[in-house]
Amino acid sequence: MFLFLLLFSESCTASVRKIGKVDPGFQGSQMNWIDNNGIILLSNDSNFGFGFTPTTQDVTLFLLTVIHMGSSTIVWAANRASLVRNSDNFYFDDTGNAYLQSGKSTVWSSDTGGKGVSAMGLLDSGNLVLLGKDGGVVWQSFSHPTDTLLSNQEFSGGMRLVSAPDANNLTYFLEIKSADMILSAGFQTPQPYWSMSQEKRKTINQDGGVVSSASLEANSWKFYDSSKIFLWQFIFSDSKDANATWVAVLGNDGFITFSILQSGGPSPSPTKIPNNPCDTPEPCGPYYVCYGDNRCQCPSVLNSSPNCKPGIVSPCDRSKGPIDLVQVGDKLNYFALGFVSPVSKTNLDGCKAACNSNCSCLTLFFDNSSGNCFLFDSTGSFQNVNNGGGFVSFTKVLSTGGSGNNTRGGSGNRKKSFPYVVIIAVATVVVIIGLLSAGYWYWRKRKMPESHKDSSEEDNFLESISGMPIRFGYRDLQTATNDFSVKLGQGGFGSVYQGALPDGTRLAVKKLEGIGQGKKEFRAEVTIIGSIHHLHLVKLKGFCAEGAHRLLAYEFMANGSLDKWIFKKNKEGFMLDWNTRFNIALGTAKGLAYLHDDCDSKIIHCDIKPENVLLDDHFHAKVSDFGLAKLMTREQSHVFTTMRGTRGYLAPEWITSYAISEKSDVYSYGMVLLEIIGGRKNYDPSETSEKSHYPSYAFKMMEEGKLRSILDSKLEIDEADERVAIAVKVALWCIQDDMHLRPSMTKVVQMLEGISVVPTPPMASQSGSRLYSNFFKSVSEGGTSSGPSDCNSDAHMSAVQLSGPR
């Protein structure tokens with residue numbers, strides 16, 4: 001009985017969330033604090049908490065973290081590489097050591113046992129500290145950062161900020177060394193790609209000093225020497241709030257971003273390090289060439305290789321066959337070239353010889369003007385040079401010729417004396433075997449069940465696509481999604497589930513519900529999105545075509561689809577501000593402009609709507625769901641096709657059976673842009689008759705000069721911000737009934753960026769308004785269309801697909 005009371009007492013003590021600090025002799029697992037969402041300890045102002053946080057990949061696995069309570073932002077983690085379960089214990093023992101144990105293994109420890117630690121505290125700054133008997137700091141989380149720096153957290157030599165791994169298992173790290181702050185890619189031999197000394201946006205307070213530390217102070221990053229003399233400053237925001245809590249985060253895309261931590265979610269600054277996406281190691285993936293307009297292209301020498309790869313895992317591994325050194329291009333740059341020294345000064349032949357004689361050399365860059373030769377054992381993305389100059393580049397690839405092409409010495413003489421009778425005999429046997437194989441294949445094809453034929457045809461089709469993404473097995477994706485346990489949403493042709501690969505890469509896995517339904521859409525998606533790469537298009541990580549299973553694995557977009565943010569029915573909670581909304585609109589426009597104008601074939605998306613605009617963890621927009629997309633040659637100006645898309649976003653030419661073109665996407669984009677501006681759907685029967693059809697109302701308010709009436713009433717805007725008027729006028733140009741009046745998406749981007757003037761749009765034709773009003777009304781009253789109805793009260797505007805013959 002006494003033992004039971006003792007255990008009960010300890011359990012109750014552990015489950016009480018502490019404020020400020022705890023004493024040694026403290027222990028417990030996530031289950032002890034499950035009623036407090038795993039939080040063990042709060043700072044005195046309750047802004048920060050220390051405890052167990054579930055991972056986004058698997059809610060049964062946990063990190064031991066310091067978290068900003070209002071925004072749920074993790075600012076420090078003890079065990080990123082070794083996750084624990086809810087029964088694993090955290091200890092702060094009587095010796096003063098704090099540690100995390102999984103089973104019998106210690107996965108993290110402060111190593112402070114016997115150092116006079118008397119208490120553990122969480123300061124209002126977000127710093128987790130172990131305090132000595134004199135009140136001094138023995139250990140602190142600020143000295144052991146993970147991927148985040150907080151306001152007033154000193155970052156000095158010997159510390160390192162390390163990102164989570166990206167899709168290629170590459171990490172990035174930030175450190176202060178050689179009197180500079182340097183960002184590097186964690187290849188086998190690290191490759192730097194940014195330094196504060198070369199950052200043009202910094203201001204210099206005092207020349208000649210040696211940088212030894214840096215800290216975020218208000219809206220700037222300040223750099224000091226060892227005597228705390230102020231040397232440099234990097235201003236990353238116009239915010240004047242001196243009390244704001246800022247964080248700098250090194251993301252798995254290689255960028256450092258800055259955000260204010262506040263209730264409802266972090267508020268990001270538009271400033272990034274580096275400034276140009278092409279200056280990061282993998283904006284497009286290894287070996288792709290990054291262009292300044294956010295375009296990525298595989299070099300022609302690697303176009304026929306799967307995923308634009310050279311076919312070798314390591315240049316020193318010759319087990320797969322001989323390796324050739326081939327030219328990638330002669331006007332290229334590389335992110336690391338401005339930060340590393342050449343291995344030698346020579347000519348091009350000497351540089352190639354140096355790479356060939358060094359088995360770890362994978363890629364070389366040679367500067368004809370200086371003779372500088374650079375060798376690298378790992379390769380990220382190349383950079384296109386538009387203004388002349390650049391480097392000649394070569395990379396090693398798996399030879400397609402095979403070892404038989406590399407004949408040496410007397411092998412040629414042996415071939416000459418080879419008996420012709422043997423050649424004839426071998427050729428005869430080969431022909432006979434070929435005929436027998438062809439006959440057997442024909443017999444099997446006639447006997448093969450229809451479903452196997454379909455599967456075989458699909459396999460042949462998929463194998464024929466160049467630049468294919470990764471092909472997963474069904475069991476791989478079943479394991480990655482924990483047997484499809486976490487559903488993210490429902491699409492037109494199947495459900496989407498959350499998943500993660502063994503290396504930690506997060507996925508969104510789209511599972512088509514049947515091999516018959518959506519088969520064409522599956523092919524379209526793999527063909528189109530698998531072969532294009534753009535900052536504002538969702539990346540297809542891989543696919544599965546196995547038996548009756550058809551799945552697509554995309555990059556995970558942490559903030560979901562746009563509709564969840566602009567159609568919020570509750571008045572509370574985090575709302576997208578105008579700056580974020582405008583950037584989402586601009587990013588979506590850039591993605592569509594790339595599809596229309598920069599691909600080999602013109603790609604019409606055919607289903608632009610908020611549900612198909614996804615947002616990453618920084619609210620950057622990416623266009624998704626290419627299952628209904630239509631390809632057009634560059635010579636085609638329009639095309640007839642089956643009706644496809646979603647009610648409310650369809651251009652008039654879809655409904656009136658005219659030919660469609662990329663201008664049909666422009667119309668859909670205009671509708672989405674209006675919804676972003678207004679924070680409401682473009683048809684809402686709950687509104688007054690004047691406001692129910694939002695486009696008509698917007699035209700009327702524009703004519704009357706009442707722009708503020710069009711904008712979401714909950715938004716706070718600067719009256720001098722010209723982008724509001726620009727966005728409204730662009731949207732109204734895009735939804736013109738006459739497709740010839742609509743601008744191209746490239747023109748839309750130019751207008752939104754202020755490069756091109758936006759004239760006042762003409763009024764919408766009344767025929768179009770009547771057509772749409774009647775169309776919406778017939779649907780809401782239970783009328784039919786050429787597409788299936790979901791019997792939903794929002795059917796007139798929700799994700800109801802149309803796919804009837806035209």
Side-chain angles (χ1 to χ4, degrees), residues 56 67-68 70-75 146-150 161-167 170-172 174 183 194 201 216 219 221 234 236-239 244-284 290 294 488 498 504-508 533-539 554-566 573-591 610 613-624 676 752:
T56 52
I67 188 169
H68 182 258
S71 64
S72 299
T73 300
I74 294 173
V75 297
T146 46
D147 61 358
T148 301
L149 293 174
L150 278 157
L161 220 60
V162 182
S163 74
D166 69 4
L170 176 66
T171 58
Y172 304 92
L174 179 75
L183 257 178
W194 174 89
R201 294 171 292 174
L216 302 177
N219 61 340
W221 212 344
F234 178 81
F236 48 75
S237 173
D238 296 330
S239 172
T245 300
W246 282 94
V247 286
V249 179
L250 177 55
N252 67 353
D253 55 1
F255 283 103
I256 296 176
T257 57
F258 303 90
S259 302
I260 294 178
L261 297 183
Q262 58 189 15
S263 180
S267 176
S269 163
T271 303
K272 281 187 171 185
I273 291 175
N275 189 37
N276 184 353
C278 288
D279 290 340
T280 58
E282 289 189 352
C284 307
C290 180
N294 293 329
L488 298 175
Q498 182 174 306
T505 302
R506 298 167 70 188
L507 299 174
H533 301 274
H534 190 273
L535 184 65
H536 294 292
L537 300 178
V538 169
K539 184 182 291 185
Y554 305 95
E555 61 178 315
F556 180 79
M557 303 294 284
N559 280 313
S561 55
L562 175 61
D563 61 301
K564 296 174 184 175
W565 294 94
I566 59 175
F574 180 66
M575 183 182 72
L576 297 183
D577 59 25
W578 170 243
N579 190 59
T580 303
R581 293 194 198 197
F582 186 84
N583 288 333
I584 289 170
L586 180 58
T588 305
K590 287 181 177 180
V613 176
L614 303 185
L615 306 174
D616 67 11
D617 48 0
H618 298 298
F619 288 95
H620 296 152
K622 300 196 180 191
V623 178
S624 72
I676 292 173
L752 291 176

Does a side-chain heavy-atom distance below 4.5 Å link [X] with [Y]?
| X | Y | value |
| --- | --- | --- |
| E282 | D166 | yes |
| K539 | Y554 | no |
| V75 | L261 | yes |
| N559 | F619 | yes |

Any donor-acceptor N/O pair, [X] side chain to [Y] backbone, under 3.5 Å:
| X | Y | answer |
| --- | --- | --- |
| R506 | F556 | no |
| H536 | A621 | yes |
| N219 | S239 | yes |

(request) Going by the side-chain contact (heavy atoms from CB on, under 4.5 Å) test, name the single residue among D147, I256, T280, L250 that passes it with Y172. (result) L250
(message) So, applying side-chain contact (heavy atoms from CB on, under 4.5 Å) with V623, which one of L614, V538, L537 is it?
(response)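 The residue from L614, V538, L537 that satisfies side-chain contact (heavy atoms from CB on, under 4.5 Å) with V623 turns out to be L537.
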State, to 0.1 Å, how close [X] and [Y] come at their nearest heavy-atom pair, and which atoms those are.
| X | Y | answer |
| --- | --- | --- |
| I676 | R581 | O-NH1, 2.9 Å |
| P277 | N275 | CD-O, 3.9 Å |
| L149 | L216 | O-CD1, 3.5 Å |
| I74 | I67 | N-CG1, 4.2 Å |
| H68 | S71 | ND1-OG, 2.8 Å |
| L752 | A589 | CD1-CB, 4.3 Å |

(request) Tell me, please, which residues at least two apart from H618 pass side chain to side chain contact (heavy atoms under 4.5 Å, CB included). (result) T257, D616, H620
(request) Can you sort out the partners of S269 under side chain to side chain contact (heavy atoms under 4.5 Å, CB included), two or more places apart, ordered by chain and number? (result) S237, W246, F258, T271
(request) Output the distance between atom OG (S163) and atom CG (D253), rounded to the nearest 0.5 Å. (result) 8.5 Å
(request) Would you kindly say whether the two SG atoms, from C290 and from C284, are closer than 2.5 Å? (result)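 No, C290 does not link to C284 through a disulfide.
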(request) Report the residues that fulfil salt bridge (charged side-chain N to carboxylate O under 4.0 Å, His left out) with K622, sequence neighbours left out, ordered by chain and then residue number. (result)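 Salt bridge (charged side-chain N to carboxylate O under 4.0 Å, His left out) check on K622 returns E555.
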(request) Give a yes-or-no answer on whether the side chains of D577 and T580 include a donor-acceptor pair shorter than 3.5 Å. (result) yes
(message) Using side chain to side chain contact (heavy atoms under 4.5 Å, CB included), reason through I273 and L183 one step at a time and then give a plain yes or no.
(response) CA-CA 9 Å; I273 291 175; L183 257 178; 4.1 Å; yes
